[in-house]
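Since the structure is predicted, the reported quantities are computational estimates derived from the model, not experimental observations. Counting convention: from 1, in listed order, for ligands and their atoms alike.
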Amino acid sequence: MYSSIVALSLALLAPLSYGAILDVNVGPNGQFVYEPPFVHAAPGDIVRFHFNPKNHTVTQSAFDPPCVPLQDGFRTGFIPVAPETNPLPVQEFHVPDNQGAPLWFYCGQTAHCGQGMVFAINPPADNDPQSFQAHRDLAIARNGTAAVAPPATTYHVPRHDPHWNPATAPTHAVTPQEHRILVGADGQLAYSPAKITAAVGDTVVFEFRPKNHTVTQSSFYNPCVPLEHGFKSGFQPVAADATEFPTFHLKIEDTAPIWGYCGQVNHCQSGMVFSINAVESGPENFAAFQGRAMHYSSFYKRRN
Ligand SMILES: *[C@@H]1O[C@H](CO)[C@@H](O)[C@H](O)[C@H]1NC(C)=O
Ligand SMILES: *[C@@H]1O[C@H](CO)[C@@H](O)[C@H](O)[C@H]1NC(C)=O
Ligand SMILES: *[C@@H]1O[C@H](CO)[C@@H](O)[C@H](O)[C@H]1NC(C)=O
C-alpha cells in the first residue's frame with residue numbers, strides 16, 4: 001500500500017522534474033530589454049524572470065496588438081527594485097503545453113514597451129512575418145515616441161528665434177525627422193554628433209553607450225549646472241559588453257538653442273557637452289559653450 005503511493009507520486013512528478021529552468025534578466029544594466037530577448041522552451045519548462053533595479057513588469061500580450069495585456073494572460077504586476085538589490089526578485093512562468101505556439105510578453109512600465117522592451121517564448125524564425133524582430137518593430141511603431149508624436153501639419157512660429165523671417169520660413173507641412181546622438185560612443189567622453197540643428201516637431205534620440213552617462217539640460221552661461229525645470233535622463237549605466245542601448249527622447253518644441261551636458265563626475269568639465277540649434281554664426285556657438293564647460297573645470301580645480 002505505502003510503496004504503491006510512493007510509486008504513484010513519483011510517476012506524477014517524473015514529467016515535471018525534466019522541465020528545464022530558463023533564466024531571463026529583466027532590465028539588466030538599467031536597459032529596457034529582456035536578456036535573452038526570447039527563449040525556446042518545451043511544455044513544463046520554467047522561465048525564471050530576474051527583476052533588475054527599476055520598476056518593470058512581465059505582461060503577456062498577443063503578437064498584435066503588442067504592449068496591450070492579453071485577457072487572462074500572465075502578468076507579474078510592477079516589481080520595483082532598488083539599486084544594489086541582491087538577490088534580485090524572481091517570478092516564474094510555467095510553459096504550457098500549447099503545441100509550441102509563440103507566447104509574447106512586454107514591460108508594462110510607461111514607455112518601456114514602445115522602446116522595444118518585449119520578450120517571446122518560441123517565436124517563429126527570423127524570416128517569418130511574426131518573428132521576434134517583427135513583434136519588437138511593431139511594439140516600437142505602435143507605442144514608441146514616433147507613434148505618440150502628432151504629425152506636424154502646421155509650422156509653429158518660433159517663439160525665441162530673433163532671425164525668424166516670415167518670407168523664408170517654411171509654410172508647408174514638414175515631415176518630422178529623427179536625429180540620433182550617441183552618448184559616449186567608443187568609450188569617449190563625447191556626444192556624437194555634439195552639435196546638431198533640428199526643426200520644430202523633430203525628435204532627438206540620445207543613445208547611451210557603455211559607461212554611465214546622462215543627458216542633462218543646462219544653459220549657455222552655466223554649461224555644467226542643470227537648468228531649473230530642464231530635462232534630464234538620469235544616469236544610464238550601460239555594461240561594456242551591452243548590445244542593446246537605452247535611449248532618451250527629446251521632442252523639439254521651438255527653435256531656441258538647447259544646451260546640455262553629461263552629469264557624470266568630471267565629464268562636462270572634460271568637454272562632454274552638446275548643443276541643438278545653437279546659432280553658430282554668433283558668439284553663443286557650440287565651441288564657446290564647450291570652452292566655458294572646460295574653463296569652468298580648470299577654474300573649479302584651481303579653487304580646490
Ligand atoms: C500601447 O498603445 C496602446 C494603443 O494606444 C495602448 O492601449 C497601450 O496601453 C500602450 N501600451 C503601453 C504599455 O503603454
Ligand atoms: C512602479 O511603477 C508603477 C507604474 O508606473 C507605479 O504606479 C508605482 O508607484 C511604481 N513603484 C515604485 C516603488 O516606484
Ligand atoms: C552611475 O553613476 C552615478 C553617479 O556617479 C552613481 O551614483 C551610480 O552608482 C552609477 N551606477 C552604476 C551602475 O555604476
(request) Could you check Phe32, Tyr106, Phe38, Phe49 and say which one makes a ring pair (Phe, Tyr, Trp, His ring centres under 6.0 Å) with Phe119? (result) Phe49

(request) Return the set of residues passing side chain to side chain donor-acceptor pair (under 3.5 Å) with Thr214 (not counting sequence neighbours), or none when no residue passes. (result) Thr216

(message) According to side chain to side chain donor-acceptor pair (under 3.5 Å), who are the partners of Glu284, at least two apart in sequence or on a separate chain?
(response) Tyr221

(request) Taking only heavy atoms of Asn212 into account, list the atoms of ligand 3 that are under 4.0 Å away from them. (result) 1 (C), 2 (O), 3 (C), 8 (C), 10 (C), 11 (N), 12 (C), 14 (O)

(message) Tell me every residue that passes side-chain contact (heavy atoms from CB on, under 4.5 Å) with Asp137, counting only those two or more places apart in sequence or in another chain.
(response) Gln133

(request) For the pair Asn266 (side chain) and Gln269 (backbone), establish whether a donor and an acceptor sit closer than 3.5 Å, ignoring hydrogens and angles. (result) no

(request) Please identify which atoms of ligand 3 are closer than 4.0 Å to at least one heavy atom of Pro237. (result) 12 (C), 13 (C)

(message) Heavy-atom contacts with ligand 1 below 4.0 Å: which residues, ordered by chain and residue number?
(response) Cys67, Tyr106, Asn143

(message) Only heavy atoms of Asn55, strictly under 4.0 Å: list the atoms of ligand 2 that pass.
(response) 1 (C), 2 (O), 3 (C), 8 (C), 10 (C), 11 (N), 12 (C), 14 (O)

(request) Using a strict 4.0 Å threshold on nitrogen-to-oxygen distance, state whether Arg209 and Asp186 make a salt bridge. (result) no

(message) Between His267 and Cys262 (side chain of the first, backbone of the second, donor and acceptor by atom type, cut-off under 3.5 Å), is there such a pair?
(response) no

